[in-house]
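Numbers restart at 1 for each chain; the letters A, B, ... are given by sequence-line order, proteins then strands.
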Amino acid sequence: MRPAEIRVYACLYGMKVYSFGKDERIRKRKDFLKIYQDGARISSKNFITILSPNQTGTRRLGITVTKSVGNSVKRNRVKRLLREFFRLNKDKLPDSQDMVIIVKKDIPFLKYQDVCAELKDLFLERADI
RNA sequence: AGAGUAGAUUGGAUGAUCGCUGGUUCGGUUUACCGGACUGGAGGAAAGUCCGAGCUCCAUAGGGCAGGAUGGUUGCUAACGGCAACUGGGGGUGACCCUAAGGAAAGUGCCACAGAAAGUAUACCGCCCUGGGGAAUAAGCUUAUGUGCCAUUCCCCGGAGUAAGGGUGAAAAGGUGAGGUAAGAGCUCACCAGUUUUCCGGGUGACCGGAAAAGCUUGGCAAACCCCAUCCGGAGCAAGACCAAAUAGGAGAACACUAAGAGUGACCCGCUCGAUGUUCUCGGGUAGUGUCGCUUGAGGCAGCAGGCAACUGUUGUCCCAGAUUAAUGAUCAUCAUUCCCUUUUGGGAAACCUUAAUGGGAAAACAGGACUCGGCUUAUAGAUCUACUCUGACA
RNA sequence: CGGGGCGUGGCGCAGUCUGGAAGCGUAUCUGAAUGGGGUUCAGAGGGUCGGAGGUUCAAAUCCUCUCGCCCCGA
């Protein structure tokens, strides 16, 4: 099913495509620990991504930003950028998959385009496999 | 014009698309979601957590003793270690700035090196007087005799006085002058500086101004111990209150018994509760994307009045974040601010100066609520305003 | 929210309590020794004592404020 068709179906069932509700977030410490144990890790320049299948039928995102990244303004900005990327590109990701993104320390000031380019490379590669 | 001092304000704006989150409401459906509409959604420091309070709980906290904090005065305040005004001291040409600023004649302690001595002043050198011994010398007297006496000078040993002087040191015991003395010394006097006491005047007060007396002259350090005055019970929203099912323990009261232990996060006294057993009554510990606490408050804004001011009173008006893996974002467009480049216009011989416009590009800080307030401190691109001072020039 | 610790040559530390010349090890450089290197020996250089202010005759040390780092408890 192509993205355009998903949007059509979504409109028919009254669902928003680019929303990002609470169901799509990983919010429990237990879940995080489980994904850390079982998931497959992919490292890139600024992020470490952990992927793990789940049984809920939805794609879920969790973000880990430690204190060493910077003060709360920098941490919040990185989280917002990653959330924005997930929100706009989640229809290209496989179903029933949990995804935790860990932000490395000492990263430079990122724009949205930088995040987009880095993560798109990553997931296009996986799609080919 | 330049340099500077003090204080205040602001911390980009609008729109579109896609999202996040609180509230109200409507519909679907049904007790949990979905959708629609309307509406609210970070700061001057939200930060650091350095003080002070509210609020909550802990036998409502009484006494003692530790410990801690504060330290000019008056006022403001719910309170403060905060603020305002004033006083003393210090700095600056000045606007102005800094100031833990009670007590050193309660006690203890410390003051390196140097120096005689670093605190009940001492007595090493020096100065002066004097006892004894020795040496030298001119005159006089004397004698067998430079033998003795006397005088002067020097040296050695001892006694008494003195604090004027002594390359030091951060600091040396009031300073200058005169008298006085064997030599000296506030020993005495004059002037000056300081201290204490008393009196007069001003001020609510810190304190200020003036007068008199006492020779009184007493080093510094209490951000050394300490003394004095005032204040402080402890813990903190992870405080604290509540909740469905299953499983099975618990709680309260009375009686008996025990006096161990616990409540008390400095300790002691005091106070309160009581291990265990029996009987009766009640109905829930744990758990959790749980609920409440959770945002209306010593609240914001505007006007008027009082006060030098901090601030207070009063009237009107407004409701302005409540997340919990933790919400305010992303993209685009336009405008405004600053800077750079290009071209054009005006002046000029040129270098260049300057006004406006076109096009292109770049920059925009410090920083994100987590129970709530009042302060303090720290970070901060750029922009704006007010008052004042000094220097230079001109009138 | 509460509590504690650290900051001194390039690196690791002492000195701070009780104020009085800033030191130790290692590293660096120079020389000696060796055919050369290492080890060893001798010598030298290198410090705003995290920052600012204050007290004091005098501050790494005492006091106040502040910056950064680390740890612990609920």
Completion exercise
Partner of B:U377 under the Watson-Crick or G-U wobble criteria, both distances under 3.5 Å, comes out as B:A47
Exercise for the section: Could you classify B:G186 for me, syn or anti, using a glycosidic angle within 90° of 0 as syn? Expected result: syn
Practice task
Taking side-chain hydrogen bond (donor to acceptor under 3.5 Å, both in side chains) as the test, write out the residues that go with A:Ser52, two or more places apart.
Solution key: none
Problem - A:Asp114 (side chain) donor-acceptor with A:Lys111 (main chain) under 3.5 angstrom - result: yes
Fill in the blank from the handout: Looking only at heavy atoms, the pair that brings A:Ser43 and A:Ile48 closest together is OG-CG1, 4.2 Å
Completion exercise
Paired to B:G270 by Watson-Crick or G-U wobble criteria (both distances under 3.5 Å) is none
Handout entry: Sequence neighbours excluded, every pair satisfying salt bridge (Lys or Arg N to Asp or Glu O under 4.0 Å) that has a member inside residues 62-83 of chain A
Key = none
Completion exercise
When both distances are under 3.5 Å in a Watson-Crick or G-U wobble arrangement, the nucleotide paired with B:A350 is none
Practice task
Using the P atom as the reference point in each nucleotide, state the distance between C:G53 and C:C13 in Å, no decimals.
Solution key: 29 Å
Practice task
Rounded to the nearest angstrom, tell me the gap between atom CZ in A:Arg25 and atom C1' in B:G19.
Solution key: 10 Å
Practice task
Using the P atom on both, measure B:C65 against B:C228 and round to a whole Å.
Solution key: 12 Å
Practice task
Could you tell me which residues satisfy ring-ring contact (aromatic ring centres under 6.0 Å, His included) with A:Phe86, sequence neighbours excluded, listed by chain and number?
Solution key: A:Phe20
Practice task
Verify side chain to side chain contact (heavy atoms under 4.5 Å, CB included) between A:Leu88 and A:Tyr112, making sure each step is shown before the conclusion.
Solution key: CA-CA 12 Å; A:Leu88 295 175; A:Tyr112 176 67; 3.3 Å; yes
Exercise for the section: With the side chain counted from C-beta on, respond yes when A:Phe47 and A:Ile102 share a heavy-atom pair under 4.5 Å apart, and no when they do not. Expected result: no
Exercise for the section: Report the base-pairing partner of B:G72 (Watson-Crick or G-U wobble, both distances below 3.5 angstrom), or none. Expected result: B:C86
Problem - B:U73 and B:G177, which share atom name P, separated by this distance in whole Å - result: 45 Å
Exercise for the section: May I have the distance from A:Glu24 (atom CD) to B:U325 (atom P), rounded to whole angstrom? Expected result: 17 Å
Problem - A:Glu118 to A:Lys45 - nearest heavy-atom pair and separation - result: OE2-N, 3.3 Å
Practice task
Take atom CZ of A:Phe85 and atom P of B:G19, then tell me their distance rounded to the nearest Å.
Solution key: 17 Å
Practice task
For A:Cys116 and A:Phe85, work out which heavy atoms get closest and say how close.
Solution key: SG-CD1, 3.9 Å
Problem - N-glycosidic conformation, B:U295 - syn within 90 degrees of 0, else anti - result: syn
Problem - Gap separating the CZ atom of A:Arg41 from the OG1 atom of A:Thr49, nearest 0.5 angstrom - result: 10.5 Å
Practice task
Would you classify C:G53 as syn or anti? Syn applies when the glycosidic angle is within 90° of 0.
Solution key: anti
Completion exercise
Pairing partner of B:U384, by Watson-Crick or G-U wobble and under 3.5 Å for both distances, is B:A8
Please list, pair by pair, any protein nitrogen or oxygen found under 3.5 Å from a nitrogen or oxygen in nucleotides 321-324 of chain B.
residue : atom : partner : partner atom : Å
B:U324  : OP1  : A:Lys22 : NZ           : 3.2

Fill in the blank from the handout: Scanning all shown strands, the Watson-Crick or wobble mate of B:C216 with both distances under 3.5 Å is B:G194
Practice task
Please measure how far the P atom in B:C373 lies from the corresponding atom in B:A251, and state the result in whole Å.
Solution key: 41 Å
Handout entry: P-based separation of B:G374 from B:A262 [nearest Å]
Key = 45 Å
Every protein N/O within reach of nucleotides 362-369 of chain B N/O, cut-off under 3.5 Å:
residue : atom : partner : partner atom : Å
B:G368  : OP2  : A:Ser72 : OG           : 3.0
B:G368  : O5'  : A:Ser72 : OG           : 3.2

Handout entry: Gap separating the CD1 atom of A:Ile26 from the CE atom of A:Met99, nearest 0.5 angstrom
Key = 9.5 Å
Exercise for the section: In whole angstrom, give me the gap between the P atoms of B:A185 and B:C128. Expected result: 14 Å
Exercise for the section: Applying side-chain contact (heavy atoms from CB on, under 4.5 Å) between A:Leu119 and each of A:Asn89, A:Leu82, A:Leu81, A:Asn46, report the one that passes. Expected result: A:Leu82
Practice task
Round to the nearest Å and state the distance from A:Ile63 atom CD1 to B:A327 atom P.
Solution key: 10 Å
Report all interatomic pairs (protein N or O, nucleotide N or O of nucleotides 330-334 of chain B) with separations under 3.5 Å.
residue : atom : partner : partner atom : Å
B:A330  : OP1  : A:Arg77 : NH1          : 2.6

Problem - Base-pairing assignment for B:C57 (Watson-Crick or G-U wobble, both under 3.5 Å) - result: B:G234
Fill in the blank from the handout: Taking a pair to mean Watson-Crick or G-U wobble geometry with both distances below 3.5 Å, C:C13 pairs with C:G23
Exercise for the section: Provide, to the nearest angstrom, the distance between the CZ atom belonging to A:Arg83 and the C1' atom belonging to B:C20. Expected result: 8 Å
Handout entry: Gap between atoms CG and P, on A:Asn89 and B:C18 respectively (whole Å)
Key = 17 Å
Fill in the blank from the handout: Rounded to whole Å, CG of A:Leu61 lies from P of B:G19 at a distance of 17 Å
Handout entry: Gap separating the CD1 atom of A:Ile63 from the CZ atom of A:Arg25, nearest 0.5 angstrom
Key = 9.5 Å
Problem - A:Leu51: which of A:Ile35, A:Asp38, A:Val100, A:Ile42 passes side-chain contact (heavy atoms from CB on, under 4.5 Å) - result: A:Ile42
Exercise for the section: Syn or anti for B:A42, please, going by whether the chi angle lies within 90° of 0. Expected result: syn
Practice task
Measure the distance between the ring centre of A:Phe32 and the centre of the six-membered base ring of B:U325, then answer whether it is under 5.5 Å with planes under 30°.
Solution key: yes
Problem - Nearest-angstrom distance, P atom, C:C17 to B:C271 - result: 47 Å
Handout entry: Separation between the C1' atoms of B:G119 and B:U108, rounded to whole Å
Key = 15 Å
Handout entry: Length of the line joining A:Lys67:NZ and B:U325:P, which is rounded to integer Å
Key = 18 Å
Practice task
Check the chi torsion on B:C320 and let me know: syn if it falls within 90° of 0, anti if not.
Solution key: syn
